[in-house]
Protein chains: 2
Amino acid sequence: MSNPADVSRATTLHVRDHCLCLHVQRAARALARRFDEAFRPLGLTNGQFSLMMALNQPEPPPMGRIAAFLAMDRTTLTAALKPLERRGLVEVRPHPTDRRSRVMALTPAGRALLAEAVPIWTRTHREMEATLAEGEADRLRAALASLAEPPRATH
Amino acid sequence: MSNPADVSRATTLHVRDHCLCLHVQRAARALARRFDEAFRPLGLTNGQFSLMMALNQPEPPPMGRIAAFLAMDRTTLTAALKPLERRGLVEVRPHPTDRRSRVMALTPAGRALLAEAVPIWTRTHREMEATLAEGEADRLRAALASLAEPPRATH
DNA sequence: GACGGAAAGATTGATATCAACGTAAATGGG
DNA sequence: CCCATTTACGTTGATATCAATCTTTCCGTC
C-alpha cells in the first residue's frame, strides 16, 4: 500500500501547517466571502470595491499602473472592468496622448456608489481587525506587502 | 467636478493603505503566480498542490471536510477535482456507508507526482520565507489563520 | 524617415470562485 | 413508521485569474 517514494505523513503535515501560500489563499477566500457579503446590498464584490477605490483619484490612471497596484494581470483587469462598465460605474477612454494606452475613470454614478460602500467597508474592517491583537494589523500588512513584491534578483 | 458626497482623497488613501482584504488578495495573487510558475514543469498549480497534499492521508476524506480545510466553497472543490480526475491523479468514490457523501483519494500516479512536487515546494517556500524577518512567518500564519476563521457569533 | 525593440492592451482558452437553486440521503421527533 | 429538518453534493451562471499569443503604437537609432 505504502510506497517508499511516497510523501511521508510527517512531510505532509509539515507542508500543510507551514505553507504560507496555502495560508494566504485560505485567508483570501475567507475575507473575500466576508466583504462580498457585506457589499452585496450594493451589488459590489470586494475586488470591485478595491478597483473602484484605486480609480478614485484626480487623474484617470492607465490600466497598467492599476494592474500593477492590484498585483493582477493586465488581462484580469480588462475582464474586471467589463461588469463595471456595463453598469455605468466606470468609463474607459483612450489616453489623451499615448494612443496605445487607455485610462479609467469613475462616473458620477460610480463615485456615488463608492461613497455608499465606504461606511460598509469601515464597519466590516473594524469587526475584522478586532480579531487581531494590538499592532498585529500593521505587522500583517507589512509582511503581506513584502510577500507580494516580485522576487528580487540575487545579484 | 468634485461633489461634497464624494469619497475624499484622505479616505481613499486610508482605505488603500489599510484594507487587509486588499493586502491579502494582492499577496494571494502574487504568491499564486510564483508557486504556479515553480510547479509548471509538473503541470500543477499551487491550488492543485495544496489540494493533493490535503488528500495525502491514510483515510480518504469526504469533500466537505476538505472544502472546510481549504476554506473554499464545496462547489469550488467539485470543480477543482475535475482536471485532477481527468489526469488520473485523484479518484472520487462513494462513501462506504453514507450514500450522500463522496470520498477522494490520490491515485498511485497522484502520489508519485506529489512526491516530485514537494522538493519544488521546499525550495520555493524557502526563498519566499527568506524575505521575512526572523519569526515573522509564524506570526503571519497565526494572523492569517485568525482572519480565515468565520466571524464569531457575539453571544 | 525607416526599422527594430519595447510597451500597452485585447483575445482566447483553461481553471478558480462563489451564490442560488436543486436532489438525494440521513436523522430526529412524534 | 412518517414527516420535517438537516446534511452532503451537484449544476448553472456569473465573475476572477492568468498564460500564450496577437496587434497597435511609441521610442530610440541610424
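Numbers restart at 1 for each chain; the letters A, B, ... are given by sequence-line order, proteins then strands. No hydrogens, no waters, no symmetry mates; every other heavy atom, side chains included, goes into these values.
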Rounded distance (Å) that lies between atom [atom2] of [N] and atom [atom1] of [X]:
X: A:Arg26; N: C:dC18; atom1: CZ; atom2: P; answer: 13 Å
X: A:Leu81; N: D:dT15; atom1: CG; atom2: P; answer: 13 Å
X: A:Glu37; N: C:dA20; atom1: CD; atom2: C1'; answer: 14 Å
X: B:Gln48; N: D:dC18; atom1: CD; atom2: P; answer: 15 Å
X: B:Arg29; N: C:dT17; atom1: CZ; atom2: P; answer: 13 Å
X: A:His95; N: D:dT24; atom1: NE2; atom2: C1'; answer: 16 Å
X: A:Lys82; N: C:dT12; atom1: NZ; atom2: P; answer: 9 Å
X: A:Leu84; N: D:dA16; atom1: CG; atom2: C1'; answer: 12 Å

Worksheet item: Which listed nucleotide (C:dA20, D:dC9, D:dC18) is nearest to the side chain of A:Arg40?
Response: C:dA20
Item to complete: From the options C:dG9, C:dA16, D:dC18, select the nucleotide whose nearest atom is closest to the side chain of B:Arg33.
Response: D:dC18
Item to complete: Name the residue closer to the 5' end of DNA chain C, choosing between B:Pro83 and B:Arg74 according to the nucleotide with the nearest heavy atom.
Response: B:Pro83
Worksheet item: Closest nucleotide of DNA chain C for A:Arg102 versus for B:Ala80: which of these residues is on the 5' side?
Response: A:Arg102
Would you say [N] has OP1 or OP2 under 4.0 Å from some side-chain N or O of [X]?
X: B:Thr75; N: D:dG10; value: no
X: B:Thr78; N: D:dG10; value: yes
X: A:Thr76; N: D:dA16; value: no

Worksheet entry | Under 3.5 Å donor-acceptor, B:Thr12 side chain and B:Ser8 backbone | yes
Worksheet item: Under 3.5 Å, side chain of A:Thr76 to main-chain N/O of A:Met72, donor-acceptor pair present?
Response: no
Using a heavy-atom cut-off of 4.0 Å across all strands, would you classify [X] as base, sugar-phosphate, or nothing?
X: B:Arg99; result: sugar-phosphate
X: A:Gly47; result: nothing
X: A:Ser101; result: sugar-phosphate
X: A:Arg65; result: nothing
X: A:Asp98; result: sugar-phosphate
X: B:Ala79; result: base

Fill in: Audit row: A:Asp138, A:Arg141, salt bridge (charged side-chain N to carboxylate O under 4.0 Å, His left out) steps and yes/no
CA-CA 5 Å; A:Asp138 285 330; A:Arg141 276 185 283 266; 3.0 Å; yes
Fill in: Closest contact, heavy atoms only, B:Ala38 versus B:Thr124
CB-OG1, 3.4 Å
Fill in: NZ/NE/NH1/NH2 to OD/OE distance under 4.0 Å, A:Glu91 and A:Arg93
yes
Practice prompt. Let me know, please, whether A:Arg100 or A:Arg86 comes out on the 5' side of the other along DNA chain D by nearest nucleotide.
Written response: A:Arg86
Worksheet item: Between A:Phe69 and B:Arg16, is there a cation-pi geometry (under 6.0 Å to ring centre, at most 45° from the normal)?
Response: yes
